[in-house]
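The structure presented is a predicted model; accordingly, all values stated were derived computationally and were not measured.
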There are 2 protein chains.
Amino acid sequence: MSAAPNRDRQAERREATRREIIDAAWGIARRDGLAAVTLREVAAMIGMRSPSLYSHFDSKNAIYDAMFGQAWTLYLAEMRERPLPAAPREAVLAIAEHFFAFSLADVPRYQLLNQHAIPGFTPSEAAYAPSVEVVGLLQDTLRGLGVTDGADVDLFLALCGGLLDRQLANEPGGDRWVGQLPRVIDMFADEVGLPGPSLRRSR
Amino acid sequence: MSAAPNRDRQAERREATRREIIDAAWGIARRDGLAAVTLREVAAMIGMRSPSLYSHFDSKNAIYDAMFGQAWTLYLAEMRERPLPAAPREAVLAIAEHFFAFSLADVPRYQLLNQHAIPGFTPSEAAYAPSVEVVGLLQDTLRGLGVTDGADVDLFLALCGGLLDRQLANEPGGDRWVGQLPRVIDMFADEVGLPGPSLRRSR
DNA sequence: GTCTATATTCTGATAGAC
DNA sequence: GTCTATCAGAATATAGAC
């Protein structure tokens, strides 16, 4: 019931080209910002002309869409394979630290995933799916640690995003805000009643 | 030592035209978003042609710059004339509620003032000045309430921004995040040691 | 699938008459 | 100060040959 070998090779080649396009777009975004991504330059980076991209993506936004889905899928995979400390308070901090590290490692990626950085772009349902899964996994994980209220999950995301956004907006590259993460996680853990010693004093 | 009356009238007229241009730009931004502001449409809204705008502003970014300065100046004025409750905890909540109301009343304005929403735009020092004054006034006010550490001011801004950003990004028009403001201010007040009863139970 | 060539549209900005 | 006319350039996207 499998397709002919020739078909497999073609599909593989197509997928490889799609990935080349997406990688080139990420490269431009990291170098010059998300808005600087143009079809001409994406094509040029992989030795193509811009119209050829339309053999692989229906539009420019379809490229952003693929980037969005790919990045959330990567984050989901990292979440799944990442071991967590047994102590609830330490575990919540580890989740937040992972999110911070992922975000700070690639700011344009953070802007695409978490801010509305591209005017005309709204992710498709398919690309949105892994981000929904991330939130679901986060909810399950937090529930396992004792955080059962959905509003508490919202609060956790707001606290993390608040530190990250201020850091990136006011002092990119510094740690004036993100350095307060243990303190904020302590506040959160106290608020929702997680046991364990203070994260700040025990370090 | 004053200028001739004719000069005053001319200066007034010039200032009025500048304000017309800025108001038209705000109108477009509120209707279609910040990025939708074009010189052609700004000019059309006040019965002009786009090249005429260059008699009043050096560039499109100079218009954004004036909008930025104007909005922060307005917020600064509102802060100054707004009375605060005597109880520290209530006062901090009132400051945050004012910030939320101002932000939610005009989302594109919030994006211009607090997010990096315009790719090529960086505010000039002159336009930035009132925003620095706002932070200074906030620091002074919080100090008067017992919040003396600069890191605590950073924390306050991160907490407020975190709720606002998540609300606007995920559920504009709702109150799933901003409704948690009293809770978050309670957390902040507890953390920095402000006296007074819980804001949630006393309401 | 990739190419050349081009359509279409829009942008901010400038030149120069009045 | 405002206008007409235009520049110079960018962008996404399409048509059709190969």
Sequence neighbours excluded, every pair satisfying salt bridge (Lys or Arg N to Asp or Glu O under 4.0 Å) that has a member inside [range]:
| range | value |
| --- | --- |
| residues 104-114 of chain A | Arg30(A)-Asp106(A) |
| residues 116-131 of chain A | none |
| residues 63-87 of chain B | Arg80(B)-Glu133(B) |

NA contact type, Arg14(A), heavy-atom cut-off 4.0 Å: base, sugar-phosphate, or nothing?
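Sugar-phosphate contact only.
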
Check every strand shown and say whether Val42(A) touches a base, only sugar-phosphate, or nothing at a heavy-atom separation below 4.0 Å.
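Here Val42(A) touches no strand at all.
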
Between residues 44-65 of chain A and DNA chain D, which residues have a heavy-atom gap below 4.0 Å?
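Close to the strand are Pro51(A), Tyr54(A), Ser59(A), Lys60(A).
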
Does anything in residues 20-31 of chain B reach DNA chain D, meaning a heavy atom under 4.0 Å, and if so which residues?
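The stretch gives none, as no residue of it lies under 4.0 Å from the strand.
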
Residues which pass salt bridge (Lys or Arg N to Asp or Glu O under 4.0 Å) with [X], listed by chain and number, not counting sequence neighbours:
| X | value |
| --- | --- |
| Glu41(A) | Arg31(A) |
| Arg9(B) | none |
| Asp154(B) | Arg176(A) |
| Arg49(A) | none |

Tyr128(A), OH atom: more than 12 neighbouring heavy atoms under 6.0 Å:
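At most 12 heavy atoms, drawn from other residues, nucleotides or ligands, come within 6.0 Å of this atom.
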
Taking only side-chain N and O atoms of Arg40(B), does any of them lie within less than 4.0 angstrom of OP1 or OP2 on dA13(C)?
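Arg40(B) to dA13(C) OP1/OP2: no side-chain N or O under 4.0 Å.
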
Among all residues two or more places apart in sequence or in another chain, which pass the ring pair (Phe, Tyr, Trp, His ring centres under 6.0 Å) test with Phe100(A)?
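Scan of Phe100(A) (ring pair (Phe, Tyr, Trp, His ring centres under 6.0 Å), adjacent residues dropped) gives none.
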
Which residues satisfy the ring pair (Phe, Tyr, Trp, His ring centres under 6.0 Å) test with Tyr75(B), sequence neighbours excluded?
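For Tyr75(B), the residues satisfying ring pair (Phe, Tyr, Trp, His ring centres under 6.0 Å) (neighbours in sequence not counted) are His98(B), Phe102(B).
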
Given Watson-Crick and G-U pairs under 3.5 Å, DNA chain D in dot-bracket ([ ] crossing, | other strand) is ||||||||||||||||||

Interatomic distance where CG belongs to Leu39(B) and P belongs to dT9(C) [whole Å]
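Those two atoms, CG and P, are 21 Å apart.
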
